[in-house]
Amino acid sequence: MAQRTGLIAAAVVIIVIIAIAAAITLQRGGKPAATTTAPPATAATTTTAAASSPAATAGQAKPSKPTLTGNIEEDIVAIGRYLAAQGIHKATFTVWGAGDPNSVMRTLAVAEAAYRLNKILEKNGVDFRIEVKQNFRRGGGDKLAEDFAAAFQSNANPDIMANSYKHIARFAEQGYLLDITPYLEKYKSLLGDFYPSLLAAVQYKGRYYGLPQDTEARPLYWRTDVAACIKEKTGNDILAGLAEKIERGEVTWHDIYRYAKLAVESGCSKWGVLHRKGSAHPDLIQFIYAFGGRLYDPEKNMLVLDVPAVYKWLYVEWRMARDHLLPEDMMSWDWAKQIHPAVVSGQTLVWIGGTWHWTEWQTKPYYLDPKTGEKRPLTTEEVKKYFYYTLFAAGDPGDKPVTLSQPFVWMIASNAGKDNPRYSELKDVYHMLAFLLVVKADDPDLVAIHSIISAHLPVRKAAAELIADKAWVEKLAKLQVDLSPEVKNSIADIVKATVNDINVAFLANASNMLKYTHLTPMHPDYPRLADIFASAVDKVLRGEMTPEEAVNYIISKIKADPELSKTVEIVGEIPRDWSFP
């Protein structure tokens with residue numbers, strides 16, 4: 001009888017192992033997580049798994065402290081069993097994220113990751129669960145980063161944060177981030193599915209301090225109705241082959257200045273060009289690259305103030321503001337009350353924006369409907385009808401068009417798990433647990449969902465394959481995908497407004513722009529230099545400084561900062577023989 005019982009138990013264990021191995025094989029093969037994630041465990045399944053679980057076997061020795069293997073199901077079960085054996089049956093983690101209104105997956109993905117890991121634990125009869133507290137904020141990540149740094153001083157920081165890669169260098173230097181290089185040595189198969197250029201964005205001094213979360217391109221959006229008006233009044237068909245002309249470098253910012261003048265002087269739009277407020281990072285930094293400049297010397301690991309390129313950038317801003325083609329107070333406009341309403345109502349010919357605006361305009365009520373007098377989002381069809389998009393044009397003839405990406409990444413705090421029991425003793429286990437959360441938050445289906453609803457570009461090849469799968473997109477549109485009830489409810493309205501063929505086609509076209517993309521420097525002092533740039537732009541727009549005075553202002557600010565002066569190389573001179581229309 002005992003022998004028979006043993007054989008049955010052994011058979012159950014083998015079946016469980018085969019099932020787990022099959023699921024892992026599918027996942028590693030780049031298949032959609034939505035189709036490989038196991039359905040919620042039934043009572044019968046849970047009972048069977050529990051019966052075969054070592055944790056449920058009386059008299060068995062406590063499991064030893066786990067180490068990562070690269071098999072996420074094995075790893076979460078081992079960690080869960082170990083902590084349960086220590087008398088710890090729940091761990092809580094906090095995640096912070098920020099961004100446009102549609103980028104809610106920057107925190108929800110971690111909550112979904114916990115849900116999926118908990119299902120694995122349940123399936124294996126492990127008496128341990130993960131809880132995630134999330135805080136998503138509307139707005140840029142710079143404020144979030146400063147709050148993270150301040151909170152770290154009092155041990156009140158989140159365990160995980162989704163933010164721009166640009167903060168990695170600074171936070172790594174300060175010891176705020178967990179070095180996940182040893183963990184990723186076990187998860188090399190995962191790394192292979194990310195685009196290589198994005199992996200560079202999560203490394204600092206050869207070590208990994210994060211995983212990619214999303215990326216984007218920053219196109220020029222052109223109002224088609226304003227362009228049609230210009231054609232009617234002046235005969236200039238500026239959109240004819242424009243994207244191809246910009247890609248070939250045949251249309252530069254000299255031409256865009258002329259087009260902007262046509263738009264304003266013909267009365268077709270109030271403004272010629274509008275751009276972001278506040279920080280000059282990163283939309284406006286594109287001007288430096290477009291004028292053939294650079295921002296970083298990797299061999300010297302120094303930031304670069306490329307004087308000729310920065311001067312030309314500031315001159316374009318100054319000239320347009322003086323000619324009333326661009327608002328003098330542009331850097332202080334309100335996003336929701338001024339910038340987006342002006343763009344979606346056709347008050348400008350050109351908007352220097354990001355891919356994410358494409359779907360943001362479809363979910364936020366920036367548009368004042370003239371028929372009803374009510375504010376509402378644009379429909380998908382209206383966005384397609386009114387907005388033509390191109391690369392960021394070359395600065396001068398002979399220069400090349402560009403775009404710029406600012407990948408958002410998952411960062412894990414070096415004190416991750418600090419709010420859980422016996423942290424000082426078990427912190428290495430909590431660190432591994434936090435790592436598994438971000439690995440799971442990067443499941444291909446979660447990356448694909450975030451990409452479609454927020455118009456950010458996918459960071460994984462498997463996610464891109466899902467977005468190209470028409471049948472899967474149709475299921476997502478109906479929310480017939482494997483997500484927790486919490487996440488489904490949270491994204492239902494955004495999914496309804498954004499998951500459609502037009503937006504998927506936009507993602508595919510925008511992805512082609514990545515051939516021209518640049519990344520801003522991975523340098524701890526870069527944010528400080530960007531702040532000086534932003535101040536200089538504001539001063540030339542307002543007419544408080546000429547472009548030459550603004551360049552000298554930037555140089556003086558750099559030299560006045562002892563630390564910055566050591567890390568910024570100033571190259572070139574103000575070009576005396578250069579002219580702009």
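Here the structure is a predicted model, which means the values were calculated and not measured. We're numbering straight along the sequence, starting at 1. These numbers come from the heavy atoms of this one structure, side chains and all, not from hydrogens, waters or symmetry mates.
Using the six-membered ring where Trp is involved, Y289 and H518 have ring planes that are parallel, under 30° apart on the 30 and 60° scheme. Using the six-membered ring where Trp is involved, W358 and F506 have ring planes that are parallel, under 30° apart on the 30 and 60° scheme. Ring geometry for W318 against Y315 counts as tilted: the plane angle lies between 30° and 60°, on a 0 to 90° scale.
Salt bridge R258/D255: present, at least one basic N to carboxylate O contact under 4.0 Å. Using a cut-off of 4.0 Å between Lys/Arg side-chain N and Asp/Glu carboxylate O, R542 and D329 are scored as not salt-bridged. In this structure, D193 does not pair ionically with K461, as no charged nitrogen and carboxylate oxygen lie closer than 4.0 Å. With respect to K277 and D334, no salt bridge is recorded, no charged nitrogen being found less than 4.0 Å from a carboxylate O. Look at K384 and E382 and you find no salt bridge, because none of the NZ, NE, NH1 or NH2 atoms lies under 4.0 Å from a carboxylate O.
Applying the side chain to side chain contact (heavy atoms under 4.5 Å, CB included) test to K364 and every residue at least two apart in sequence or in another chain returns P101, E360, Y366. Under the rule for a side chain to side chain contact (heavy atoms under 4.5 Å, CB included), the partners of E299 that lie at least two apart in sequence or sit in another chain are D297.
Between F148 and F171, the gap from one ring centroid to the other is short of 6.0 Å. Remark: aromatic rings of F580 and W253 are distant, center separation not under 6.0 Å. Remark: aromatic rings of F387 and W351 are distant, center separation not under 6.0 Å.
The cationic atom of R137 (NZ for Lys, CZ for Arg) lies less than 6.0 Å from the six-membered ring centre of W96 and within 45° of the ring axis. Figure legend: R460 and F194 shown as a cation-pi pair, the cationic atom lying under 6.0 angstrom from the six-membered ring centre and within 45 degrees of its axis. Relative to the ring axis of Y553, K539 places its NZ or CZ within 45° and under 6.0 Å from the centre. Both the sub-6.0 Å distance and the 45° axial angle are not jointly satisfied by R106 relative to the ring of F136.
For the residue pair Q362/T380, the side-chain donor-acceptor check at 3.5 Å is satisfied. The closest side-chain donor-acceptor pair between Y204 and E173 falls under 3.5 angstrom. Side-chain N/O atoms of W410 and N163 include no donor and acceptor closer than 3.5 Å. Side-chain contact of D525 with T567: a donor-acceptor pair under 3.5 Å is present, judged by distance alone. For the residue pair Y296/N301, the side-chain donor-acceptor check at 3.5 Å is satisfied.
D561 places a side-chain N or O within donor-acceptor distance of the main-chain N or O of E563, the cut-off being under 3.5 Å. T403 places no side-chain N or O within donor-acceptor distance of the main-chain N or O of L391, the cut-off being under 3.5 Å.
Atom CG of residue D469 and atom CG of residue L476 lie 11.0 Å apart, to the nearest 0.5 angstrom.
Checking each of I339, V537, V273, D538 against M330 for a side chain to side chain contact (heavy atoms under 4.5 Å, CB included) leaves exactly one that passes, namely I339.
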